[in-house]
Amino acid sequence: MGKKSSSNSTSLSIFNPKYYLKKPQQLVLVIFGFISLVLLVSDRQNLTSDHQEEVLRLNEELARLKLQLEDFNVRVKWSAGLDSADISKDDDDDPVSVERREKVKEAMLHAWTSYEKYAWGHDELQPQTRNGVDSFGSLGATLVDSLDTLFIMGLHEQFQRAKEWVANSLDFNKDYVASVFETTIRVVGGLLSAYDLSGDKIFLEKAKDIADRLLPAWNSPSGIPYNRINLAHGSAHNFGWTGGNSILADSGTEQLEFIALSQRTKDPKYQEKVEKVVKELQKTFPADGLLPIYINPRSGTAAYSTITFGAMGDSFYEYLLKVWIQGNKTEAVKHYREMWETSMKGLQSLVRKTTPSSFTYICEKNGNFLSDKMDELACFAPGMLALGSKGYGSGEAEKILSLAEELAWTCYNFYQLTPTKLAGENYYFHPGQDMNVGTSWNILRPETVESLFYLWRITGNKTYQEWGWNIFQAFEKNSRLETGYVGLKDVNSGIKDNMMQSFFLAETLKYLYLLFSPTSVISLDEWVFNTEAHPLRIVTRGDLHQENFQVDRQQKLPIHFRGRKEGRLGYN
């Protein structure tokens, strides 16, 4: 009883100021407690302002740990011999490749998380200023371009968030003049690939929506498309600097996407538009198969201009081969292969070697004059040649493959001969001097690693994996920031730019990932890549109305994988 009374008395006295005058130690404790409370509240306010950034950082770290846990679990299953039916066992999936593949996957996760954090829904991320920019009319270019990369790498949570954005926020009804070429390869191609991989019809619906908005571009007198179109009004025209002409690559690089769309929707209008272009060009196709970069959309004939396998010419030749592959090499697509083989004879007429090191390169041509210049963009050619070599007879196939390997060595040295080990935009070749960087920027382009991927798949030579790994390490050293990846303004000095190109996620990282993956992952017997590295399923061509396309909704990638462009025409 006495204790209780004493306790009550003390409890009441602590609210009396006189109590603290008698006990100064207690007063000090109260003041200290008050100050601590004020500091805590203030600190909580500061923490609130930084909370979102810290949560995003922790989420990235959590995702990285999940990747490591998945890899560990798979390794345990492999060592125990479990789940053999679910785990793809490939002889070429060695421990070094597994480790390198995971490094590339982590790079993709870093690039994607930076985009989510600073540029979500915008076309591209500017890592140095930590903001998004809309380079392609606010169509979510990086997001759509990355869908299949996320899926292939098994980044399921990220893919799901991206899919929800496509379903709820991707709107094409914009008063914006778009590049028909860029919108086709990035957006139509990205959506169709996501559909082929996932089977989710929202991607097909969106692909149809944007393709319908692009179709009026083909309403020219010859059927050669105008290269720019207003997405809301359908009015189409060409760039002023081409003199009203259409660009060869921009006009001949929609066939894969629009044929695929017709196959999947059973609506022939898309295929009819793009195949008319090839038929028109076939009428006056030159004996060497080399077309100038400008085509008159009124007459359908070539205008006097440069012949090149670099910017503005490149992917036209690529698609001649790939439409043949997409159609499963049947009689219906035989003329594409024939045109491509004719063009490859022309390509060989442009091949020269440097002195003293005998680097093989592809010249550009103006009239009868050859220019000893080669774009890094033309480094897609070794991969194209390797891919197409399988359609020749034995002797010619070896010759074409040998040329591919020689060109790949040159392209690899575009990287190795600079201080940063990253390639410049183009190179010039002079007698006795081998090669010199021309335009010295690097904008994270994929063409060389694309060719290394094809050469490794076709030859099995692991040298190409080593070259690809060296290029990846150079990107990590020179282009990686805390906030994403950037290009270089100068590959000699290493000065950085402020743009993470969407094709870095769509192409460069995807090809690097597949370079270290078993050949069963996106098999070249079942898939064909568009020029933005979006894989589309091969469908045997015949009568369009009888072609049977089905998405395998139960499709599984191996468990252990849970996995040219306006930026390409100039420096951003």
Side-chain angles (χ1 to χ4, degrees), residues 181 185 224 247-260 271 274-293 295 302 307-310 312-351 362-365 377-408 447 450-451 454-455 457-458 524-525 527-531 536 538-541 564:
F181 167 68
I185 65 173
I224 301 295
I247 296 170
L248 176 63
D250 288 28
S251 305
T253 312
E254 291 86 14
Q255 283 70 24
L256 283 179
E257 296 84 358
F258 277 63
I259 290 170
Q271 179 174 322
V274 296
E275 294 216 295
K276 184 179 179 183
V277 174
V278 177
K279 291 176 182 176
E280 190 67 26
L281 295 175
Q282 197 174 16
K283 292 177 183 177
T284 56
F285 204 57
D288 63 2
L290 300 178
L291 286 172
I293 58 173
I295 307 295
I307 289 171
T308 179
F309 281 83
M312 297 188 283
D314 48 6
S315 49
F316 165 73
Y317 303 102
E318 174 188 357
Y319 271 36
L320 290 179
L321 173 66
K322 288 185 173 179
V323 173
W324 175 70
I325 294 171
Q326 179 190 39
N328 209 14
K329 310 173 184 178
T330 63
E331 190 68 26
V333 287
K334 182 181 178 181
H335 61 291
Y336 284 96
R337 173 76 195 198
E338 291 171 343
M339 291 174 72
W340 181 79
E341 288 192 9
T342 300
S343 297
M344 292 310 98
K345 291 177 182 176
L347 180 149
Q348 291 174 73
S349 74
L350 303 178
V351 170
I362 306 171
C363 293
E364 295 184 348
K365 187 176 183 180
L377 281 166
C379 286
F380 86 96
M384 174 187 68
L385 289 164
L387 186 63
S389 67
K390 295 191 292 184
Y392 287 104
S394 59
E396 190 66 18
E398 291 171 2
K399 177 182 175 183
I400 293 295
L401 185 57
S402 177
L403 175 59
E405 293 185 304
E406 291 176 15
L407 287 168
E447 287 74 23
E450 171 186 352
S451 284
Y454 281 116
L455 281 162
R457 281 282 181 100
I458 288 161
L524 295 180
D525 294 327
W527 300 86
V528 62
F529 289 90
N530 86 336
T531 197
L536 302 170
I538 291 171
V539 178
T540 300
R541 282 284 297 277
R564 275 179 230 289

Less than 4.5 Å apart, any side-chain heavy atom of Met344 and any of Leu347? yes
Partners passing side chain to side chain donor-acceptor pair (under 3.5 Å) against Ser451 (at least two apart in sequence or in another chain): none
Side chains of Ser349 and Leu290 in contact at under 4.5 Å (non-hydrogen atoms): yes
Please report the shortest heavy-atom distance between Leu291 and Pro286, naming the atom on each side. CD2-CD, 3.6 Å
All heavy atoms of Ile538 vs all of Asp525, minimum pair found to be CD1-O, 3.6 Å
Glu364 meets the side-chain contact (heavy atoms from CB on, under 4.5 Å) criterion, sequence neighbours left out, with Thr306, Thr308, Ser371, Lys373, Asp375
Inter-residue atom distance Lys345.NZ - Leu350.CG, 0.5 Å rounding: 15.0 Å
Distance check, rounded to the nearest 0.5 Å: Gln326 atom CD versus Asn530 atom CG? 10.0 Å
Measuring from Ile307:CD1 to Leu248:CG, what's the distance to the nearest 0.5 Å? 10.0 Å
Distance col, row Ile259:CD1 vs Glu275:CD, nearest 0.5 angstrom, shows 4.0 Å
Could you list the residues that satisfy salt bridge (charged side-chain N to carboxylate O under 4.0 Å, His left out) with Glu341, not counting sequence neighbours? Arg337
Among residues at least two apart in sequence or on other chains, which ones pass side-chain contact (heavy atoms from CB on, under 4.5 Å) with Val333? Val323, Trp324, Thr330, Tyr336, Arg541
With sequence neighbours left out, what residues match Phe309 under ring pair (Phe, Tyr, Trp, His ring centres under 6.0 Å)? Tyr317
Phe258: ring pair (Phe, Tyr, Trp, His ring centres under 6.0 Å) partners, not counting sequence neighbours: Trp218
Can you tell me how far the NZ atom of Lys279 sits from the NZ atom of Lys283, to the nearest 0.5 Å? 10.0 Å
Taking the side chain as every heavy atom from C-beta outward, state whether Ile247 and Phe181 have any pair of such atoms under 4.5 Å apart. no
Exercise answer: donor-acceptor pairs, residues 378-402 side-chain atoms, under 3.5 Å, sequence neighbours excluded:
from	atom 1	to	atom 2	distance (Å)
Ser389	OG	Ala386	O	2.7
Lys399	NZ	Gln348	OE1	3.4

Of all heavy-atom pairs between Asp314 and Ala249, which one has the smallest distance, and what is that distance? OD1-CB, 3.7 Å
Search all heavy atoms of Ile295 against all heavy atoms of Ala302 and return the closest pair with its distance. CD1-CA, 3.9 Å
Quick one: CD on Gln255 to OG1 on Thr253, what's the gap to the nearest 0.5 Å? 7.0 Å
Kindly write out the residues that satisfy side-chain contact (heavy atoms from CB on, under 4.5 Å) with Lys334, not counting sequence neighbours, or none if the list is empty. Glu331, Glu338
Check this for me, if you would: do Glu318 and Lys322 make a salt bridge, where the nitrogen-to-carboxylate-oxygen distance has to be below 4.0 angstrom? yes
Locate the shortest heavy-atom distance separating Thr531 from Tyr319; write the atom from each residue and the value. N-OH, 3.1 Å
Does some side-chain heavy atom of Phe316 sit less than 4.5 Å from a side-chain heavy atom of Ser251? no
I'd like to check the side chain to side chain donor-acceptor pair (under 3.5 Å) partners of Glu254; sequence neighbours left out, ordered by chain and number. none
